Amino acid sequence: MSTVHEPRAFPFGEPDGLRLPPLFATLREEEPMVRVRMPYGGDAWLVLRYDDVKTVLADPRFSRAATVDADVPRMMPVLSQDTSILSMDPPHHTRLRKLVAKAFTARRTEILRPRTEQIATDLLDAVEAQGPPVDLVQSFALPLPITVICELLGVPQADRADFRRWSDGVLATTSLTAQEMEAAMNSLLTYMAGLVAERRRAPTGDVLGTLVRARDEDDRLTEDELVDFGVTLLIAGHETTANQIGNFVAALFRSPPHLAALRADPGLVPAAVEEMLRLVPLGSGGGFVRIALEDVELKAGLVRRGEAVMADILNANRDGRVFADPEVLDFHRENNPHLMFGHGVHHCVGAQLARMELQVAITALLRRFPSLELDVPADEVEFSTGKLVRGPVALPVRW
Amino acid sequence: MTWRIEVDRTSCVGSGMCTAIAPERFVLVGDRAQAVEAAVEPDDAVLDAAESCPMEAIVVRGENAEVLAPEV
Ligand code: HEM
Ligand code: SF4
């Protein structure tokens, strides 16, 4: 497809709370494959419609491995590394993915539900004891997924302040320099290498212990892959879910009828979580860039070999060809094949865990505080900027 | 030797893992996976798909109906 425009500067502004730039709705209809100028590395295609987004995410002709160490169009200054599962294609990707797949199946995740409920209860006890106003981000949205992933991986909670700071560093887009981001990543890698070394002295049954055994006993991954995997799981395992808990609560406060519906019928929570996953935005960019290994004809047009493509999940989830009344938050939607967890080999390994945590978080919060409300006007809730993921900086509440 | 592939379409969530790992063996129909053919020649990609499915919706059986994947 040839474009009539100069490439548009991407992203289209800093995230505006939970709103998407209105330009998207127009582009989805009129220019579903947009030429964009990325903050680093040049121009890319931004693909906006559901079918094409699925193709770009899952078709092996679109490669993540081809972005490794290359100055490709991207959101962040740093280059992708070949040790990360997110930058691998099969068969290397499959080799790594299989090592943890077992720990994150729906069945294994269900086993963690009672413990997650207990964590939520303990956190809400502390909130209640403290008394209003309380910031739900610091006291609930963050510590819940952090506790869950720390216990699963085997990362000491006591180190939370350190890895939180570094984690903020590696997810920065515009808020830090490349050097600062690299320093944060190196700190995380060194920290994780220390936890790996501890497991060699004293083996453990947690996910990190499983990965150490897979390396030492069967040589199924390299030392760098092992350490990187630990870091990826730790960061992806809490930043996403923590921000989505905050975003979901903020979204519910903005829509009293939806909040009332959930309070009246807690059985609606799983469907509500799916619908909020579909519609409440998390990422602030177009997603990880992929490189076409050959010419590919998408529905929206031709991607030439070597070109960079971003599959925009947030827009795919609003495609009226798949979702009736796509902009409407509908907890009774019958068919909801949203792509919030991606599609294909990189489909989020933590999807079942995130779903369970979000269900537990919303259920526990609404049950504990039937009169929960924001302590500031809804439009004064401040959201983070300059980061790959968005979420409220604070959510002051009373009850 | 033939293996048999069973896909439980009610537990499949349409992640597209199996169809991306073994495109000749699995296909998404109406957002749910199914085997292209239930009986296949031994193929490691089929085991990889079953091991990677987040819902454990894919079962691969050998000659004597023994489960080859997934490990539980
Ligand atoms: C609401 C919460 C979450 C959302 C929206 C989310 C979203 C995603 C998406 C869209 C991808 C695919 C990226 C791509 O293909 O370019 C992904 C991959 C991944 N996610 Fe999540 N995620 C969430 C929670 C989690 C959790 C709790 C974990 C913890 C284990 C996790 C770990 C990962 C990992 C390791 C990958 C890479 C998988 C691979 O490359 O095979 N995520 N996630
Ligand atoms: S991997 Fe499992 S959940 Fe995903 S599409 Fe295949 S059968 Fe369905």
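Letters A, B, ... mirror the listed sequences (proteins, then strands); counts begin at 1. Here the structure is a predicted model, which means the values were calculated and not measured.
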J.: Report the distance from atom OG1 of A/T94 to atom CG of B/D44, rounding to the nearest 0.5 Å.
T.: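 Answer rounded to 0.5 Å: 11.0 Å.
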J.: Determine, for A/R97 against B/E51, whether the closest basic-nitrogen to carboxylate-oxygen distance falls under 4.0 angstrom.
T.: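 B/E51 and A/R97: not salt-bridged.
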J.: Considering residues, nucleotides and ligands other than A/E334, do more than 12 of their heavy atoms fall under 6.0 Å from its CD?
T.: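 Not buried by this count: 12 neighbours or fewer within 6.0 Å.
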J.: Looking at A/T105 and B/C53, what are the two nearest heavy atoms and their distance?
T.: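 Answer, listing the atom of A/T105 first, then B/C53: CG2-O, 4.3 Å.
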J.: May I ask you to check whether over 12 heavy atoms, not counting those of B/E63, lie within 6.0 Å of atom CD?
T.: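 More than 12 within 6.0 Å, yes.
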J.: Using 0.5 Å steps for rounding, measure from the NZ atom of A/K102 to the OG atom of B/S52.
T.: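 OG of B/S52 is found 8.0 Å from NZ of A/K102.
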J.: Which atoms of B/E56 come close to chain A, meaning under 4.5 Å heavy atom to heavy atom: side chain ones, backbone ones, both, or neither?
T.: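 For B/E56, side-chain heavy atoms alone lie under 4.5 Å from chain A.
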J.: Applying side chain to side chain contact (heavy atoms under 4.5 Å, CB included), run through A/H343 and B/L28 and close with a yes or a no.
T.: CA-CA 12 Å; A/H343 193 68; B/L28 284 171; 3.6 Å; yes
J.: Counting only heavy atoms not in B/E71 (residues, nucleotides, ligands), do more than 12 fall under 6.0 Å from its CD?
T.: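 No.
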J.: Give a yes or no on this: more than 12 heavy atoms of other residues, nucleotides or ligands lie within 6.0 Å of atom CZ of A/R305.
T.: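 No - once you tally the heavy atoms of other residues, nucleotides and ligands closer than 6.0 Å, there are 12 at most.
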J.: Any ion pair linking B/D31 and A/K54 (charged N to carboxylate O, less than 4.0 Å)?
T.: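 Looking at A/K54 and B/D31, the cut-off is met.
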J.: Can you see which heavy atom on B/M17 is nearest to which on A/G344, and at what distance?
T.: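 So the minimum-distance heavy-atom pair works out to SD-O, 3.3 Å.
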J.: Which heavy atom in B/A20 sits nearest to a heavy atom in A/A58, and how many Å separate them?
T.: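 Closest approach of B/A20 to A/A58, heavy atoms only: CB-O, 4.0 Å.
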J.: With respect to chain A, which residue among B/S11, B/G16, B/P23, B/S15 yields the maximal number of heavy-atom pairs within a distance under 4.5 Å?
T.: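 Top option by heavy-atom pairs under 4.5 Å: B/S15.
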J.: Please check if the number of heavy atoms outside B/R61 that lie under 6.0 Å from its CZ is greater than 12.
T.: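 Enclosed: over 12 neighbouring heavy atoms sit under 6.0 Å from CZ of B/R61.
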